[in-house]
Protein chains: 2
Amino acid sequence: MADINWTAKTAVAPGLSERPAGAADRAGEGHAPISDIIELLFFAYRDFVGDPDEVLSKLGFGRAHHRVLHFVTRNPGMKVADLLDILNITKQSLARVLKQLVDEDYVLQKEGAQDRRQRLLYATPKGEALSRKLDALQTERITRAFAELGPGAHDAARRFLTAMIDADNRDGVLRLIARADRAAKRE
Amino acid sequence: MADINWTAKTAVAPGLSERPAGAADRAGEGHAPISDIIELLFFAYRDFVGDPDEVLSKLGFGRAHHRVLHFVTRNPGMKVADLLDILNITKQSLARVLKQLVDEDYVLQKEGAQDRRQRLLYATPKGEALSRKLDALQTERITRAFAELGPGAHDAARRFLTAMIDADNRDGVLRLIARADRAAKRE
DNA sequence: CAATTTATGTCAGCCATGTTGACATATTTT
DNA sequence: AAAATATGTCAACATGGCTGACATAAATTG
């Protein structure tokens with residue numbers, strides 16, 4: 001990850017680059033514009049997905065594999081159609097990465113008990129281990145952030161992120177998360 | 001955008017899909033695990049970048065064009081090298097989208113005054129207009145979220161997102177944002 | 001001044017992951 | 001028996017990352 005050294009010894013803002021940033025810049029006159037959130041979200045997300053990417057690339061996998069593995073591990077026995085809805089991609093796109101995960105024994109598919117057309121998805125122990133490893137990297141970042149920010153940060157972050165989701169998707173997402181949390185607790 | 005109907009009439013959690021979600025699920029015994037943030041971030045970011053994507057595709061552009069146009073508009077006169085550092089991509093990747101933006105008169109390049117090797121980047125009026133339009137979509141989502149959440153939400157979100165950025169990048173990012181904000185205010 | 005470094009551009013090709021369209025197969029539903 | 005559903009698959013294409021190699025002009029340095 002390269003760092004940002006936008007030193008700007010240009011026509012625009014010459015000599016400003018050595019000024020310290022931080023609270024002083026935000027506390028000034030007026031409130032900061034909303035666009036700070038646009039950019040912070042870009043940078044935060046970039047770093048957030050960057051950690052797992054390094055591990056994945058060593059295995060010949062990419063972000064797409066991570067997403068599939070994550071949701072399958074969190075929701076054992078989910079249908080292919082459910083995964084497609086969550087990821088919001090076509091079945092052909094999913095097929096490519098899913099096939100690799102199945103072939104390399106990270107995920108397995110079981111015929112549905114009630115409906116034998118279904119291929120229910122489960123993470124193998126190998127898959128669970130990788131999923132845990134990848135999630136641990138992201139969890140570490142989040143935990144560090146919350147530790148810095150003090151109590152209430154988790155709740156604030158959750159509410160902010162929830163409010164950023166399309167209104168008609170929010171309930172589905174919360175339901176998904178709640179169910180997976182309950183299932184995880186029962187183990 | 002498809003919605004999520006993870007109905008789960010499967011072996012795992014039969015019949016749970018009709019339960020309402022929300023506060024009740026979170027307020028229960030113990031605190032929710034961190035993984036909710038992982039998933040909320042995924043869904044929030046997906047929707048967040050989804051809005052501009054629709055507009056962009058009509059113009060034959062993609063997300064990459066948006067990013068370039070956004071940062072160039074916010075930081076007029078920036079060097080190509082600075083943009084590369086911000087986006088964290090190779091110059092070859094940048095060249096592809098930048099060339100299109102220049103060819104179609106959204107961005108222009110001026111020779112640097114002090115250093116004539118530099119090609120300083122500026123958005124044209126056409127480019128600024130598109131940038132504003134795209135940013136407006138994202139701003140709308142953010143503003144709606146903050147309105148729902150009440151006062152303090154903006155600050156909480158900013159602090160959370162900042163804390164999620166790699167520590168060694170944070171100052172650079174904050175500096176970048178602060179400078180662009182000041183420049184925008186002077187206009 | 002000559003040599004080197006720097007800022008940028010460019011060609012060529014590869015890879016990951018999205019897309020559309022068409023079609024196949026097994027199973028369930030009507 | 002017919003239709004709908006869940007899933008898989010083939011083929012082709014687009015976007016936007018990547019690497020490696022090389023080119024040019026301008027600035028910097030010995």
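Below, read A as the first sequence line, B as the second, and so on, with proteins coming before strands; counting in each chain starts at 1.
- Within the 4.0 Å cut-off from OP1 or OP2 of C:dA16, not a single side-chain nitrogen or oxygen of A:His65 is found.
- At a threshold of 4.0 Å, the pair A:Glu104-A:Lys126 does not count as salt-bridged, since none of the basic side-chain nitrogens sits closer than that to a carboxylate oxygen.
- Summarising the geometry, the separation between CG on A:Leu121 and C1' on D:dA6 is reported as 12 Å, rounded to the nearest angstrom.
- Checking C:dT8, D:dT7, C:dG18 against every side-chain atom of B:Lys79, the shortest atom distance belongs to C:dT8.
- Between A:Gln114 atom CD and C:dT28 atom P the separation is 11 Å, expressed in whole Å.
- Residues of residues 96-107 of chain B that place a heavy atom closer than 4.0 Å to DNA chain C do not occur.
- Atom C1' of nucleotide D:dA26 and atom CD of B:Gln118 are separated by 11 Å, given to the nearest angstrom.
- Using a 30° and 60° split on the angle between ring planes, A:His65 and A:Phe61 fall in the parallel class, below 30°.
- In this structure, A:Leu56 places its CG atom 18 Å from P of D:dG17, rounding to the nearest Å.
- With distances taken from any side-chain atom of B:Gln109 to the nucleotides D:dA27, C:dT17, C:dG9, the minimum falls on C:dG9.
- Following rounding to the nearest Å, B:Leu84 (CG) and D:dT19 (P) show an atom-to-atom distance of 13 Å.
- The distance between atom CG of A:Leu83 and atom P of D:dA6, rounded to the nearest whole Å, is 15 Å.
- A distance-only check finds no donor-acceptor pair linking the side chain of B:Arg119 to the backbone of B:Glu111 [under 3.5 Å].
- Of the possible polar contacts, none joining the A:Arg179 side chain to the A:Leu174 backbone as a donor-acceptor pair under 3.5 Å is found.
- At the phosphate of D:dG17, neither OP1 nor OP2 sits under 4.0 Å from any side-chain N or O atom of A:Arg46.
- Per the geometry, CG belonging to A:Leu94 stands 11 Å off P belonging to D:dT9, to the nearest Å.
- If you run side-chain contact (heavy atoms from CB on, under 4.5 Å) between A:Arg46 and each of B:Asn88, B:Asp166, B:Ile165, only B:Asn88 comes through.
- Counting to the nearest Å, the P atom of C:dT5 and the CG atom of B:Asp115 are 17 Å from each other.
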Under 3.5 Å, which protein N or O atoms sit close to an N or O of nucleotides 20-26 of chain C? Give each pair with its distance.
{"residue": "C:dG21", "atom": "O6", "partner": "A:Gln92", "partner atom": "NE2", "Å": "2.7"}

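- Using modelled atom types, one finds a donor on one side chain and an acceptor on the other under 3.5 Å when comparing A:Arg74 with B:Ser35.
- Checking A:His154 against B:Asp36 by side-chain atom types alone, a donor-acceptor pair falls below 3.5 Å.
- Between the side chain of A:Asp82 and the backbone N or O of A:Met78 there is no donor-acceptor pair closer than 3.5 Å.
- A salt bridge links B:Arg170 with A:Glu148: the distance from a Lys NZ or Arg NE/NH1/NH2 to an Asp or Glu carboxylate oxygen falls below 4.0 Å.
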